[in-house]
Amino acid sequence: MAPPELLALLVALLLIIHLLTKNRKLSKRLPPGSLGIPIIGQSLGLLRAMRTNTGEEWIQKRINKYGPISKLSLFGLPAVFLTGPAANKFIFSSDSLAPKQTQSMSRIIGARNMLELTGKDHKRVRGAVSYFLKAEVLRKSLGKIDEEIRHHLRTNWLGHNQVKVMPSMKSLTFNIICSTLFGMERGARREVLVQEFTKVMAGLWSVPINLPFTNFNKSLKATRRIRKVLTKVLDEKRCALKRGECSSDEDLITYLLSLGADNGEALTEDEILDNAVLVMIGGYDTTSILLTFIARQLANDPAI
Ligand SMILES: *[C@@H]1O[C@H](CO)[C@@H](O)[C@H](O)[C@H]1NC(C)=O
């Protein structure tokens with residue numbers, strides 16, 4: 001299993017059971033396994049396995065040792081590890097369980113990102129963001145996407161004997177997100193953003209210890225710089241909208257900025273920033289990995 005798939009799997013599995021800590025009576029019925037060292041728990045072992053692409057062995061070892069259900073501690077919180085079809089069915093069909101971001105993630109992405117919000121706020125923010133990501137709406141950005149792809153192929157593929165697809169698709173995906181979601185032209189600003197963004201990604205799956213040398217700390221710093229850049233973008237778009245120089249459906253940011261306060265749809269500046277960072281993180285890995293596999297498939301099977 002490739003590390004990204006493993007990450008996706010973990011997001012589903014990382015259901016933090018608060019009962020574990022709240023209700024002492026239940027503690028007799030806890031699954032086997034150790035919570036390890038406080039805060040750190042089993043995080044480092046798992047991260048090492050993901051880096052060396054041995055995630056599957058890591059999982060298998062746990063199963064051999066404790067069976068299909070065990071407890072452990074990951075990224076600062078007690079967690080339960082579940083495997084098998086019945087466990088998956090239980091998780092995905094249970095209303096009382098909700099997927100939760102790790103502490104590092106919510107601190108890095110921001111407290112107003114839609115995965116952290118509940119109730120009305122969640123509905124309002126999710127509604128706004130997912131409206132823009134609908135196929136009919138995104139279709140209007142096809143011209144921009146096409147332009148980014150052509151530019152990318154011209155500069156990175158044409159005349160090259162060999163191309164590393166994964167880094168290439170990462171950079172293409174990043175550029176398309178910048179263009180269609182943030183309305184950000186190619187140039188120095190994007191360069192700053194991509195550098196900071198790489199640091200953010202490194203800290204997403206980290207133990208939330210905020211000391212100067214930790215990935216978590218570097219990631220927090222990077223996200224702060226990203227927000228500074230995006231805040232400037234927001235200010236410019238707000239002015240442009242006021243002067244009628246751009247329309248509300250130009251990109252995600254202008255769309256979110258133009259939502260009316262009168263009918264209770266408006267998003268706060270923090271909500272726009274947090275969710276801009278969220279869609280960037282959500283879109284970057286998933287899309288670039290999918291594109292990489294498509295390229296691999298096409299290369300291996302020319303008939304397709
Ligand atoms: C990084 O760590 C230093 C030292 O503990 C701290 O002063 C700083 O605020 C941290 N950075 C962030 C962004 O939290």
Side-chain angles (χ1 to χ4, degrees), residues 108-115 117 121-152 154-155 170-200 221-284 287-288:
I108 290 166
I109 302 172
R112 300 300 292 173
N113 87 67
M114 67 169 111
L115 301 179
L117 297 176
D121 282 347
H122 176 83
K123 224 170 154 187
R124 174 175 50 86
V125 173
R126 193 195 165 92
V129 175
S130 55
Y131 170 82
F132 193 85
L133 298 178
K134 267 197 220 153
E136 306 96 270
V137 183
L138 266 188
R139 195 170 292 148
K140 292 182 196 149
S141 306
L142 270 183
K144 281 186 191 173
I145 297 174
D146 186 62
E147 204 277 315
E148 286 296 337
I149 295 173
R150 282 172 197 277
H151 179 268
H152 183 85
R154 264 198 313 272
T155 44
K170 287 209 159 179
S171 127
L172 176 62
T173 305
F174 181 84
N175 283 318
I176 290 177
I177 293 177
C178 277
S179 161
T180 58
L181 300 186
F182 303 163
M184 200 185 273
E185 302 295 322
R186 267 192 296 277
R189 224 187 226 174
R190 271 199 205 174
E191 299 304 315
V192 172
L193 216 54
V194 76
Q195 275 167 24
E196 299 302 337
F197 194 67
T198 315
K199 290 180 209 156
V200 169
K221 280 187 201 146
T223 195
R224 212 170 274 177
R225 287 190 284 260
I226 289 177
R227 297 167 81 86
K228 238 183 225 164
V229 175
L230 290 180
T231 305
K232 266 197 207 127
V233 173
L234 244 68
D235 289 343
E236 288 166 15
K237 304 253 170 209
R238 211 179 268 126
C239 286
L241 275 169
K242 235 180 236 161
R243 291 197 297 262
E245 287 165 4
C246 72
S247 67
S248 65
D249 58 4
E250 215 141 284
D251 52 65
L252 179 68
I253 305 265
T254 55
Y255 174 71
L256 295 179
L257 279 173
S258 60
L259 285 174
D262 33 329
N263 44 11
E265 283 181 332
L267 267 65
T268 63
E269 177 147 334
D270 270 344
E271 283 170 348
I272 297 181
L273 288 174
D274 291 1
N275 288 288
V277 175
L278 179 72
V279 291
M280 174 126 241
I281 289 173
Y284 183 68
T287 312
S288 56

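For the pair Leu230 and Ala276, the tightest heavy-atom approach, listed with the atom from each and the gap, is CD1-CB, 4.1 Å. Across His152 and Ser171, no two heavy atoms sit closer than the pair CE1-OG, 3.5 Å. Closest heavy-atom contact between Thr254 and Ser248: OG1-O, 3.2 Å. A pairwise comparison of heavy atoms in Gly110 and Asn113 identifies O-ND2, 2.8 Å as the closest pair. Considering every non-hydrogen atom in both Ile177 and Gly283, the closest pair reads CD1-C, 4.0 Å.
At least one side-chain heavy atom of Leu181 sits under 4.5 Å from a side-chain heavy atom of Leu133. Taking 4.5 Å as the limit, every side-chain heavy atom of Thr223 sits out of range of all side-chain heavy atoms of Lys199. Contact annotation: the side chain of Asn175 never approaches that of Val194 to less than 4.5 Å [non-hydrogen atoms, C-beta and beyond]. Residues Val200 and Arg225 have side chains not in contact (no heavy-atom distance under 4.5 Å, counting atoms from C-beta outward).
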*Would you sort out whether Thr180 and Leu252 count as a side-chain contact (heavy atoms from CB on, under 4.5 Å), showing the intermediate values?*
CA-CA 7 Å; Thr180 58; Leu252 179 68; over 6 Å; no
_CA sep, side-chain torsions, deciding dist, call: Val137, Tyr255, side-chain contact (heavy atoms from CB on, under 4.5 Å)_ = CA-CA 11 Å; Val137 183; Tyr255 174 71; over 6 Å; no
*Evaluation steps, side-chain hydrogen bond (donor to acceptor under 3.5 Å, both in side chains), between Asp249 and Ser247*: CA-CA 6 Å; Asp249 58 4; Ser247 67; 2.8 Å; yes
*Checking side-chain contact (heavy atoms from CB on, under 4.5 Å) for the pair Arg139/Leu142: CA distance, chi angles, key distance, verdict?*
CA-CA 5 Å; Arg139 195 170 292 148; Leu142 270 183; 3.9 Å; yes
*Just do the salt bridge (charged side-chain N to carboxylate O under 4.0 Å, His left out) check on Asp235 and Arg238 with the steps written out, would you?*
CA-CA 5 Å; Asp235 289 343; Arg238 211 179 268 126; 3.2 Å; yes
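Applying the side chain to side chain contact (heavy atoms under 4.5 Å, CB included) rule to Ala111 yields no partners; only residues at least two apart in sequence or on another chain are considered. The side chain to side chain contact (heavy atoms under 4.5 Å, CB included) check on Val233 picks up Met184, Arg189, Lys237, with sequence neighbours excluded.
Using a 4.0 Å cut-off between charged nitrogen and carboxylate oxygen, Asp121 and Arg124 count as a salt-bridge pair. Taking the charged nitrogens against the carboxylate oxygens, Glu148 and Arg186 do have a contact shorter than 4.0 Å, which makes a salt bridge. Electrostatic pairing of Glu196 and Lys228 does not count as a salt bridge here, judged by no charged N lying under 4.0 Å from a carboxylate O. Electrostatic pairing of Glu147 and Arg150 does not count as a salt bridge here, judged by no charged N lying under 4.0 Å from a carboxylate O.
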